[in-house]
> 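Got a structure for you, questions after.
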2 protein chains.
Amino acid sequence: MKDVARSAGVSVSTVSNVLNRPDYVSSANRLKVLDAIARLGYVRNNAARQLRVGRTRTVGLVVLNIANPFFIDVIRGVEETLSRVGHSVILCNSDGRPPREESNVEMLGEQQVQGVLISPVDPGSPWLAKLADRGVPVVLLDSRAAGTEQCSVSVDDVLGGRLAASHLLEQGHERLVYVSGPPLLHQVTERREGVLAAMAEAGVPADRLTVIECTELSFGAGCDAGERLLGLRPRPTAVICANDLLALGVLQVMFANGVSVPGDVALVGYDDIDFAAGSAVPLTSVRQPRYELGEVAAKLLLDEVDGAGEHAHRQIVMTPELVVRASSSSAHATWSRSRSSSKRR
Amino acid sequence: MKDVARSAGVSVSTVSNVLNRPDYVSSANRLKVLDAIARLGYVRNNAARQLRVGRTRTVGLVVLNIANPFFIDVIRGVEETLSRVGHSVILCNSDGRPPREESNVEMLGEQQVQGVLISPVDPGSPWLAKLADRGVPVVLLDSRAAGTEQCSVSVDDVLGGRLAASHLLEQGHERLVYVSGPPLLHQVTERREGVLAAMAEAGVPADRLTVIECTELSFGAGCDAGERLLGLRPRPTAVICANDLLALGVLQVMFANGVSVPGDVALVGYDDIDFAAGSAVPLTSVRQPRYELGEVAAKLLLDEVDGAGEHAHRQIVMTPELVVRASSSSAHATWSRSRSSSKRR
DNA sequence: ATGAAAGCGCTAACAG
DNA sequence: CTGTTAGCGCTTTCAT
């Protein structure tokens with residue numbers, strides 16, 4: 001900056017003004033400075049700027065699993081909302097592993113981010129509490145704040161599970177299988193609770209539910225679950241998966257083994273990712289407002305950051321929606337190619 | 001830091017030493033300091049640290065499209081390699097849009113990153129040149145450096161296209177369709193060149209190739225391409241797609257319209273993402289060493305960063321591999337469920 | 001409208 | 001082994 005100032009024949013503060021408040025500077029000087037910057041290839045040192053100003057225009061976003069298309073849309077929602085107001089996003093992937101999450105959060109803390117959006121493995125982890133104690137706004141994403149002292153945006157997973165199960169029960173199925181993910185994830189367990197609630201409502205005893213647990217929410221894990229499903233006796237007729245990746249894996253294995261979907265087995269996924277509508281048998285799924293989830297969370301964070309003191313914490317719970325396609329219902333078995341509903345950007 | 005020092009009854013430099021070179025400090029003092037840090041909830045200000053030290057432990061990674069599973073594995077390769085040596089990664093998504101790429105790169109420059117790994121929209125863009133001029137190491141990812149003055153890691157896309165086309169020609173197909181992506185992307189055009197090369201080798205005239213261009217490499221775009229394919233006369237019998245997402249979209253539309261794959265149309269994708277093996281009809285695809293791509297690029301960058309002066313730029317070109325599955329070959333049409341080959345991490 | 005100068009919080013000589 | 005101290009590059013009063 002000193003070099004630029006010298007080369008332009010002005011003082012450093014004029015250079016600084018050109019960068020930060022161009023209208024304070026005479027246009028003659030502004031031009032000289034801009035020219036010198038271009039000539040010298042000057043790039044502002046953000047560390048120094050931050051140090052001086054005390055805060056950043058950066059927020060951190062920690063997602064549970066970047067390989068899950070669900071989060072890709074959440075990320076989009078966050079990024080577009082924040083970049084519109086000039087904030088940049090540092091994206092981190094905890095990969096569902098608490099130690100990674102901890103180091104992500106720690107790194108973000110040191111970067112002096114304005115705030116953190118996080119889909120936590122465990123919303124009660126000490127590192128999140130510590131961050132909040134330091135006064136860094138934290139908004140929980142796809143997770144409900146325990147108290148009222150924190151913002152959160154989530155989707156009603158119990159309802160989602162109930163929608164899926166009610167649908168299958170209405171089709172006359174009497175035994176259900178729930179292909180679950182890591183029980184650490186409350187999303188996964190709440191969806192199961194929803195399934196049980198629907199069964200209770202329908203007067204179906206809880207022991208009619210078989211749970212198959214997977215160690216991760218991935219396509220590969222779904223394939224493994226599919227294999228295990230094949231071994232069950234009596235053969236289940238209806239399967240709900242904790243997410244679409246699992247469901248697609250299950251579907252693939254059914255397909256490969258000549259088990260007809262929905263003829264022999266009805267299948268319901270969760271998230272309604274793009275592939276769900278496009279798989280061999282279009283997948284019935286519980287749609288979540290993914291983009292909006294990120295968008296709303298980002299706006300909440302902005303409000304907390306800008307609205308100095310004025311901010312009231314809010315816990316927003318969004319509503320999922322069942323999208324019925326061929327995989328669960330003989331009525332849809334003639335493919336109507338209803339992909340239309342999955343449009344998102 | 002001053003507070004910590006006071007509270008621990010030592011000087012700030014001792015606190016600094018505890019943080020940076022714990023072995024310089026007597027264990028009595030170390031304990032006192034650590035205790036004070038915990039008590040006060042002190043978090044080191046990274047901006048100040050950076051400013052003082054002059055460099056970061058951070059590198060930037062800019063990918064073309066985070067929604068593409070191909071890049072997810074590349075990201076993993078980069079992150080695991082770098083985090084192993086204590087570097088953190090700032091992940092950016094250019095989304096194939098040059099202006100976004102420019103602002104990503106600019107942001108990384110201001111963050112004083114140690115280096116940048118980028119799968120560029122256009123490897124020759126001015127902002128990349130500017131970065132390199134400033135002395136920031138830049139490694140091209142999935143893109144070949146034009147000269148010898150820069151590191152790059154890419155996969156031979158011409159060869160990949162040739163493998164795909166040769167395979168189909170060997171099956172006796174005489175007309176090919178190439179479902180292309182944005183012509184801006186050299187990967188896409190080079191794969192087409194490979195297809196043409198294979199045709200030339202086989203003595204098939206170039207006008208037997210029909211090109212369908214898509215505006216993006218996505219599942220949705222593949223569906224659109226599928227619709228257009230259905231309208232072609234004569235009906236093509238063999239289709240090569242610029243990537244797997246396109247191919248899965250095409251496959252979905254074929255399926256929905258009762259066109260048998262591979263019976264009526266043979267289909268080949270590109271990337272061999274996990275879904276490829278797992279789709280309704282397992283997809284023949286050209287496998288790229290995705291994880292290794294990221295890994296090798298990260299190592300090249302580390303060498304350039306650490307190996308002060310000693311570093312010799314390298315342009316590494318990796319070799320793709322054709323994975324034949326049911327979608328292209330009647331011989332495989334009885335599903336062998338050969339998912340095994342898609343194992344990665 | 002412009003310039004001089006005081007730090008932001010930290011690290012790394014250097015001296016003890 | 002510990003403390004003192006001089007900046008790192010920038011923004012921002014405060015004078016002019």
Side-chain angles (χ1 to χ4, degrees), chain A residues 1-37 40-58 86 88 106-114 134-136, chain B residues 1-37 40-58 86 88 106-114 134-136:
Chain A
M1 205 152 151
K2 241 183 330 196
D3 295 345
V4 172
R6 184 167 357 159
S7 168
V10 300
S11 73
V12 287
S13 40
T14 298
V15 177
S16 175
N17 280 333
V18 169
L19 256 33
N20 300 304
R21 300 119 63 163
D23 31 326
Y24 276 42
V25 182
S26 73
S27 51
N29 271 350
R30 187 166 50 231
L31 253 44
K32 279 195 284 186
V33 168
L34 255 18
D35 176 63
I37 287 180
L40 272 51
Y42 166 77
V43 174
R44 168 221 258 127
N45 181 328
N46 201 46
R49 161 164 236 257
Q50 257 178 237
L51 178 59
R52 181 58 233 237
V53 176
R55 55 186 170 64
T56 342
R57 298 284 277 166
T58 313
S88 39
E106 199 161 306
M107 186 270 270
L108 292 172
E110 291 187 356
Q111 301 281 0
Q112 321 292 120
V113 292
Q114 286 266 69
R134 277 213 300 142
V136 179
Chain B
M1 204 151 153
K2 242 179 338 196
D3 294 347
V4 173
R6 185 168 357 164
S7 169
V10 299
S11 74
V12 286
S13 46
T14 298
V15 177
S16 175
N17 281 334
V18 168
L19 256 33
N20 300 303
R21 300 116 63 157
D23 32 326
Y24 276 41
V25 182
S26 72
S27 50
N29 271 350
R30 187 167 48 232
L31 252 44
K32 279 195 285 187
V33 168
L34 254 20
D35 176 62
I37 287 178
L40 272 50
Y42 165 77
V43 174
R44 168 222 258 124
N45 181 327
N46 202 46
R49 160 166 238 256
Q50 259 179 235
L51 178 59
R52 181 58 234 232
V53 175
R55 55 187 171 64
T56 342
R57 297 285 276 167
T58 313
S88 39
E106 198 161 307
M107 185 270 269
L108 292 172
E110 291 187 356
Q111 301 282 359
Q112 320 293 120
V113 292
Q114 287 265 69
R134 278 212 300 142
V136 180

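Order of the sequence lines fixes the chain letters, A, B, ..., with proteins taken first and strands second; residue numbering starts at 1 for each chain.
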> Look only at the side chain of B:S7 and the backbone of B:A36, and say whether a donor-acceptor pair between them is shorter than 3.5 Å.
no

> Short of 4.0 Å, heavy atom to strand atom, which residues of residues 24-35 of chain B count as contacting DNA chain C?
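Per residue number, the list is empty: none.
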
> Does any pair with a residue in residues 12-25 of chain A pass salt bridge (Lys or Arg N to Asp or Glu O under 4.0 Å), and if so which ones, sequence neighbours excluded?
none

> Check side chain to side chain donor-acceptor pair (under 3.5 Å) between A:N46 and all other residues, then give those that pass, not counting sequence neighbours.
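Only A:Q50 meet the side chain to side chain donor-acceptor pair (under 3.5 Å) criterion with A:N46.
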
> Please identify each residue that fulfils salt bridge (charged side-chain N to carboxylate O under 4.0 Å, His left out) with B:R44, with sequence neighbours left out.
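Salt bridge (charged side-chain N to carboxylate O under 4.0 Å, His left out) check on B:R44 returns A:E110.
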
> Quick one: salt bridge (Lys or Arg N to Asp or Glu O under 4.0 Å) pairs with a partner in residues 4-13 of chain B, sequence neighbours left out?
B:D3-B:R6

> Does a side-chain N or O of A:T14 approach OP1 or OP2 of C:dG3 to a distance below 4.0 Å, or not?
yes

> Listed by chain and number, what are the salt bridge (charged side-chain N to carboxylate O under 4.0 Å, His left out) partners of A:R49, not counting sequence neighbours?
none

> Kindly state each residue pair satisfying salt bridge (Lys or Arg N to Asp or Glu O under 4.0 Å) with at least one member in residues 26-37 of chain B, sequence neighbours excluded.
B:D35-B:R39

> Take the C1' atoms of the five end pairs on each side of the helix from C:dA1-D:dT16 to C:dG16-D:dC1, get both axes, and report the angle to 10 degrees.
30°

> Report the distance from atom CG of B:L34 to atom CG of B:L19, rounding to the nearest 0.5 Å.
8.5 Å

> Nearest 0.5 angstrom please: A:N45 CG to A:R52 CZ, how far?
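Interatomic distance, A:N45 CG to A:R52 CZ, rounded to 0.5 Å: 14.5 Å.
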
> If you count heavy atoms of other groups shown closer than 6.0 angstrom to OH of A:Y42, is the number above 12?
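For A:Y42, atom OH is crowded (more than 12 foreign heavy atoms under 6.0 Å).
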
> Got a sec, which residues hit side chain to side chain donor-acceptor pair (under 3.5 Å) with B:S13, two or more places apart in sequence or on another chain?
B:S11

> Between protein and nucleic acid, restricted to nucleotides 14-16 of chain D and to nitrogen or oxygen atoms under 3.5 Å apart, what atom pairs and distances do you find?
none

> Who pairs with B:E106 by salt bridge (charged side-chain N to carboxylate O under 4.0 Å, His left out), at least two apart in sequence or on another chain?
none

> How does protein contact run along nucleotides 7-16 of chain C, one letter per nucleotide 5' to 3', with B for base contact, S for sugar-phosphate only, - for none, heavy atoms under 4.0 Å?
BBBBBB----

